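Just so it is clear, the structure is predicted and the values come from calculations on it, not from any experiment.
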Amino acid sequence: MSNDESRGSRIAPAIAVGGLFAVLAATASAATFGFEETGFPADASVVHNIGYALFDLGAYDVATIPAEGFLAAFLIAAVALDVAVDGAVYLAKREEGDSIVSALGQAVTDGGRDGGDRR
């Protein structure tokens, strides 16, 4: 198969993806949600307030904005990132010779021996 034939087979999906992106971008830019713009005071730090909420320091009047709503999202993102890193380490493999060895070494695998027998 030559480069011209493979390029022609990639044009249609590329046009479809470009069109889908254009439709989604136009939809997102034209959307109105009907909310008033609100914000935080200029001297308030969201990061500091998440820390205050994390350690339950709201009783000491150090928090300038209520950050308990951010705390749930912060913890969910932290757990999701931890699971992703753990999964990446678990799935990481390296090849030695012709056998695939787990990233955990021989603690979980048979060390790449033929036959699959464990000793």
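Interatomic distance, Leu20 CG to Ile15 CD1, rounded to the nearest 0.5 Å: 13.5 Å.
Under a 3.5 Å cut-off, the side chain of Asp82 and the backbone N or O of Ala78 do not form any donor-acceptor pair.
Linking ILVMFWY side-chain heavy atoms closer than 4.5 Å, directly or via other members, places Leu75 and Val83 in two distinct hydrophobic clusters. Put simply, Phe70 and Ile76 are part of two different groups of oily side chains (I, L, V, M, F, W, Y) that touch within less than 4.5 Å, one to the next. When the side chains of ILVMFWY residues are joined at heavy-atom separations under 4.5 Å, either directly or via intervening members, Val46 and Phe55 end up in a single hydrophobic cluster. Ile50 and Tyr60 fall within the same hydrophobic cluster, where Ile, Leu, Val, Met, Phe, Trp and Tyr residues are linked whenever their side-chain heavy atoms come under 4.5 Å apart, directly or through other members.
Smallest separation of non-hydrogen atoms from Val62 and Tyr52: O-CE1, 3.5 Å. Across all their heavy atoms, Ala53 and Leu71 have their closest contact at O-CD2, 3.7 Å.
Between Thr64 and Asn49, the side chains place a donor N or O and an acceptor N or O closer than 3.5 Å (distance only, hydrogens not considered).
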